[in-house]
Amino acid sequence: MNAPDPNPDDAPLLGTHSRRAFLKGFGAITISAAASQTQAVAAELEKLNAEKIVGPGPVPVTLRVNGETLSLSLEPRVTLLDALRNVSTYTGTKEGCDRATCGACTVLLDGAPIYSCQMLAIEAQGHAITTVEGLAQDGKLTPVQKAFAERDATMCGYCTPGFVMAATALLKENPHPTPADVRRACSGNLCRCGTQPRVVEAVLQAAGGAADNGTPGDLHA
Amino acid sequence: MKPFSYATALSPESARQLASSSKHGAYLAGGNDLLGLLKEGLVEADLLVNVKALPGLGKIEQSGAGWSIGALATVAQVEKHPGLKAAFPGLAAAAAEVASPQIRNVATVGGNLAQHSRCWYFRHRDTLCLKKGGDHCFARNGENRYHTLFTGNPCVSPMVSSLAVAFAALDAVAVVVREGKELRWSMADFYHRAWENPLTHHSLEPGDLVVRVEVPLLRTRSAYLQASEKHAFDWALVSCAAATGIDGGKMKGPRIALGSISPMPHQAEAANTFLEGKPLALDDATATQAADLLLKEAQPLEHNGYKVPIALALVRRALLQLQS
Amino acid sequence: MPDPVPAPGALAWPAETRVVGHSTHRIDAEAKVTGRARYASDIQADGWLYGMILRSKWPAARVAAIDLAPALQVPGIVAAVPARDGERTIRFYGEELAAVAGKSKQACLDALRAIRVTATPLPFVVREDDAKADGAAPVWDTAANFIPGTPKEQGSVDAAFGECAAVVEGFYTTPVQIHHPLETHGNTVSWTDDGVTAWASTQGIGSVRDGLAGALQLDQSRVRVVTEYMGGGFGAKFGPGVAGILAAKLSRQAGAPVRLMLTRFDQALAVGNRPSSFQKIRLGALADGTLHAFDFENYGTAGIGAGKASEGGGGGANLPMPYIYKVPNVRTKQAAVAVNAGPASAFRAPANPPASFGMEGAMDDLATKLGVDPVAFRIQNDPNPIRQREYKVGAEKFGWAQKYRRPDPAALALATAGPIRRGVGCAGANWGGGGNKNTGAEVEIHSDGSVEVRLGVQDIGTGTRTVIAVVAAEVFGLAPEQITVRVGDTRFPPGPGSGGSTTCPSVSPAVLDACTNALRQLQTQAGLSDIRDAKGANWAAACRKLGAGTVAARGMWQPGLSSSGAGGVQFAQVAVDTEIGLVTVEKIVAVHDCGRIVNRVTTESQINGGIVMGLGYALYEERVMDPASGVVLNPNFETYKLSGMADVPDIDIVLLDMPERGVIGIGEPATIPTAAAIANAVANALGVRVFSLPITPAKVLAALGKVPSPTPA
Ligand SMILES: Cc1cc2nc3c(=O)[nH]c(=O)nc-3n(C[C@H](O)[C@H](O)[C@H](O)COP(=O)(O)OP(=O)(O)OC[C@H]3O[C@@H](n4cnc5c(N)ncnc54)[C@H](O)[C@@H]3O)c2cc1C
Ligand code: FES
Ligand code: FES
């Protein structure tokens, strides 16, 4: 399995630089074959590193993102968000504040939504990290993604990956949420464009509920 | 963020040793507070010791006369633990109001108690206020809408941990390991140093490790309420917890604590004494009297007088909620 | 049967539309929900470097020297440039001093700390009232902080007030509001010998190109700006800004592309805001309810922008008063006041939301005093027939007649029904907008039947891509998904900047024209009279005849397809907890018109967006300056508060269809009346008015007289 390419080839070609993602000089990604092997490596690394002081310079950091293994070389102060967006190519995870206040950077850590901006990459080792790129399988949108698209719960879309992750986690824990549950579960995500009403509808729709907060079509004079 | 080294500790002792091996070692739990401080350059840390792998400190368990909540349990665990929620609804309610789901999933109980001031002068990268070693508190005569009604020192930044307020009303004890010895602190002990000393946020010394919080089972009724400017993911302007035991329909050992209005959870012995033995089915007038006892010495600043009526209302409402 | 293809020069919207006016899903939604959409801040051009800006920590200072050498010593740092050469004066906290580019964010952070700035702090002033006072620190050397405006009078105001049966007065204040799009300002810029390419988070790719070309002294033809996706702008993202120019200079020096996105902190300080207002309003009506006299005095700050205003510029602090109402006797006196804070910029419906807040508040208070229904009072005094209709439609939908009670402070004092009080309010909006005649579009039809429309506009989240697909699909008899839309590149025909609700009325006619030209050409080339049929068989056959060729056609904006002048009214219902002061907005009914609706679902989303932003303006948002240190105290989302998921009310939208008026934009009018309607609902609930935005618990409790005075120091 290959890491999802956030830079598909059908995007317009720009300027003289190749638009393909590249890896920064100090970090390198290798994709290992099997997940079990990955876990073993991570466990080994953790034992090796425990009680040892590493850094402040770059140290090897192994992350499991969407089932793939990233072997990076990072300073301990590099956040998980920075590692995903800037050192690697997982730019689906957005940066809105870098201070645990906006939710654009939401990823799942062992299934639970967290702010990747307020966690060190080195701490995230040994955990399963899911980003928005890891949701759709074989190009098939998840019910949450589908409902966000159908309900117009995305405008500029910069907040959308974060909302999608928060909503995905909610439905796993609570498959039949009330509108109030949705509001609470997504209260850690900001949207400046004003998709909030549509997000509620979308999540309820994804849950298979009636979602009748008024459909876009039936509100007209 | 400046560069720092990093280590994972596997025992409390190694955590302490690791942290003290460096000039500015700090424990890293959920990191919500610490990383925020480091990003703004507000604390010096040249080594972060990750304490999340310490064995056993993430547990929530009942033990005889009470519950023990490991310092590394997350706020989300406290919010959702069925047994804990049944025993202390006020504590679960306080946990549920902490920040956002994403934060609650990583924030730990120990880190929540040990968090630093949220005063916007303290948190600002370019103001050298009293709390950061400067020579005066900007808020005292400045923008003080979010600040204290009570304080024992010139700094007016309040204690804002939601959990501490609930723990205070439940008479919980924080167990702190200092140089191998266990200290048992009430919430008042935990914050009394911040009451006196503007440079501090709590009573912990470098190297002190919170290992658990013990909550006695004496008070079967508890409630927590907070007032904020927004409906979710917003700091409390004032928070309030109330708890009591019941003896023949009467209050036994009632406790009220208020947050965000003092450098420590604000409590008044007079209010607790006043309520002792009063019927659980409290009338509004008695609840109001208790509230008055808590707020009568309040010293509003230029822009935070509104916290007084809010605090009064919350105390009343929390007390009335104990009935149900 | 579709309408016949119009002859050249006689372009019109079809009488019956198949796609236009219905709801089409955003064609780029899938890219957005999967994370595939690439925003300016996601660009990872080959060899890219991270860029960051060093900002002034002084609100005012004389900078003698900036030593960048230590920054260049930091491992990983490749370039460092000053924001300006030579000595200079800093006039606000957060003004740009220098910028660095390096291989990682960490290297940049270390480099910013290493830069040495030699500066002498200067006196400063950050509050409007302080800046107006005698002896205040001068923000600009060349102009006073405050030059009182000259009164403008129409009719005879003083005499007219004598004729009024009822007069109300109030001092209304609104805070400085920050745009805070979720993606901050910024660009990735690559400057090579071939020229400059900028991937910009912008509302106007053309404005970035022209701004960069000017600043870098390059031909516009050698600057290319690309904006595939961007994360919101709301008026602040035009031109390259200081950040764009610095990124270009860094790229030149480094010989590599530089991605320089602002931090959230930066965003709060230096890239625009909505000016504050301090409005003294006096409004009077005759006994029959006709507005008769209006006296208005206002000042507000556009930060350092206001000082330049005194030298003859805009400043943006003047309000269009008496807003949407007809008053025969009007006196206004307005001025901007300069303070040491970041300059204002256009912000969604500039000047309108504060004007609406002041004027509509006075309208409600006057209605109460006259003992008339506020909706009827508005219909009587608002000359706009569309809005009059909207009030009627909205009142019906909202249940105004059942819900409205005359506010009664006595009832409040006696209330036994618990601490929650409910209230309702309404307000109206007006906006110009209109199409930009310089908008072009090009269309290519391929022999396999596929269609590509190219236009140098950007989709800032308003659904422009989808609008283009909808119009093209309408013309060709295809489905919107069959149209490939390419926007966000200055190599495409020129499009408008996305501001002032002008995008949709600019783009739709141009696409209609280009597609109509293409269709005509295809019919000629295929030798068919009309190739549009429901099944698409003719279409495929016609396109096949193109063989190795394509149909390539261009089009331009044409008159008669769009117009300007959108209105709207909103109704709000609130619940106020009178003990803790919290306002909960329970319901908003919004009735808007924007002429011919191109895509319904995205139009409604725009209205949702306007309301959610207006809600923030009403209840949460405020830039807080510290008078002692001159800093912005809340340069973050923790204490600069935006409406969250839990705060947003149930919203009902009614769109008036007026296809005969042509296409009109909707982005601005939707946000104008929200705060005013909410404030009126709060006043209705409480029986007293909160005259100051945002309406926080502190202000509600103060209005209710519940706040004890401060303890003497
Ligand atoms: C936007 C935002 C909103 C918030 N809203 C709320 C709110 O409404 N209510 C509320 O209560 N909190 C709120 N918080 C604070 C948040 O809950 C705390 O930051 C968090 O609980 C801290 O826990 P942590 O595990 O992440 O701590 P860390 O950041 O890891 O640690 C915090 C401090 O405690 C020390 N520490 C950690 N664990 C221990 C230990 N076991 N023993 C000794 N010292 C220790 C660390 O060295 C550090 O100094 C908010 C935070 C943010 C960013
Ligand atoms: S970027 Fe992490 S919460 Fe905003
Ligand atoms: S869609 Fe733009 S911020 Fe949410």
Side-chain angles (χ1 to χ4, degrees), chain A residues 6-8 11-12 14-19 21-22 24-26 75 77-78 82 86 89 91-92 95-99 101-102 104 131-133 136 141 145 148-150 152 154-161 164 183-184 186-187 189-194 196-198 214 216-217 219-221, chain C residues 23 25-26 29-30 32-39 41-42 44-47 50 103-106 180-183 190 192 194 197 224 226 229-232 257 263-264 393 460-461 486 489 600-602 604-605 608-609 611-613 636-638 642 644-646 648 651-656:
Chain A
N7 306 292
L14 309 168
T16 50
H17 300 282
S18 140
R19 35 144 300 288
F22 91 113
K24 308 291 278 299
F26 50 82
E75 292 180 43
R77 63 174 158 159
V78 172
D82 197 12
N86 299 331
T89 57
T91 53
E95 174 175 330
C97 70
D98 197 30
R99 290 297 185 280
T101 54
C102 78
T131 72
V132 71
E133 291 101 335
L141 300 187
Q145 289 174 313
F148 266 66
E150 286 177 3
D152 208 38
T154 176
M155 292 171 74
C156 82
Y158 201 76
C159 67
T160 305
V164 166
R183 284 162 179 259
R184 228 178 98 70
C186 296
S187 63
N189 295 74
L190 294 176
C191 171
R192 190 50 154 166
C193 294
Q196 291 88 344
R198 305 282 208 211
L219 300 170
H220 317 291
Chain C
S23 279
H25 295 156
R26 241 167 247 264
E30 184 166 330
K32 289 174 178 173
V33 301
T34 54
R36 215 177 61 227
R38 285 189 313 147
Y39 295 75
S41 56
D42 298 338
Q44 298 185 328
D46 210 352
Y50 203 95
K103 292 200 168 130
S104 69
K105 181 179 180 180
Q106 289 67 39
H180 277 317
L182 212 65
E183 181 186 45
S190 168
T192 67
D194 295 340
T197 302
R224 180 183 184 192
V226 177
Y229 291 92
M230 59 83 75
T263 64
R264 184 55 55 188
V393 172
I460 64 170
R486 298 206 189 277
D489 192 329
R600 224 167 253 288
V601 60
T602 50
E604 288 171 353
S605 288
N608 280 337
I611 291 169
V612 171
M613 187 173 264
N636 54 49
F637 285 145
E638 186 180 325
L642 304 184
M645 276 294 275
V648 171
I651 298 172
D652 266 357
I653 297 168
V654 183
L655 278 173
L656 297 191

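As the structure is a computational prediction, the values presented were derived from the model and not from experiment. Chain identifiers are assigned alphabetically (A, B, ...) following the order of the sequence lines, protein sequences preceding nucleic acid strands; residue numbering begins at 1 within each chain.
Most heavy-atom pairs under 4.5 Å with chain C: of the set A:Ala149, A:Cys191, A:Ala104, A:Pro161, this distinction falls to A:Ala149. Between chain A and the residues C:Arg264, C:Met230, C:Glu183, the most heavy-atom pairs under 4.5 angstrom are made by C:Glu183. Contact tally against chain C (heavy-atom pairs below 4.5 Å) for A:Cys159, A:Gly157, A:Ala136, A:Cys102: the top residue is A:Gly157. When A:Arg99, A:Glu95, A:Arg77 are compared by the number of non-hydrogen pairs under 4.5 Å with chain C, A:Arg77 comes out ahead. Ranking A:Val164, A:Asn189, A:Leu141 against chain C, the residue ahead of the rest is A:Leu141, based on heavy-atom pairs under 4.5 Å. Ranked by heavy-atom pairs under 4.5 Å with chain C, the first of A:Val78, A:Thr154, A:Thr101, A:Asp152 is A:Asp152.
Interface residue C:Val612: only side-chain heavy atoms are found under 4.5 Å from chain A. In this structure, the portions of C:Ser605 lying under 4.5 Å from any heavy atom of chain A include both its backbone and its side chain. Both the backbone and the side chain of C:Leu182 come within contact range of chain A, with heavy atoms under 4.5 Å apart. Heavy-atom distances place no part of C:Asn636 under 4.5 Å from chain A, backbone and side chain included.
Judged by distance alone, with hydrogens and angles left aside, the side-chain atoms of A:Glu75 form no donor-acceptor pair with the main-chain N or O of C:Gln106 at under 3.5 Å. With hydrogens and angles ignored, the 3.5 Å screen pairs a side-chain donor or acceptor of C:Lys32 with a backbone N or O of A:Met155. Panel note: side chain C:Ser23, backbone C:Val601; a donor-acceptor pair is recorded below 3.5 Å.
Minimum heavy-atom separation, C:Tyr39 to A:Cys156: OH-O, 2.6 Å. Nearest heavy-atom pair, C:Phe637 versus C:His180, reported as atom, atom and distance to 0.1 Å: CE2-CG, 3.6 Å. C:Glu604 and C:Leu655 make their closest contact through CG-CD1, 3.9 Å (heavy atoms, listed as atom of the first residue, atom of the second, distance).
Distance check: C:Asp42 CG to C:Arg36 CZ gives 13.0 Å after rounding to the nearest 0.5 Å.
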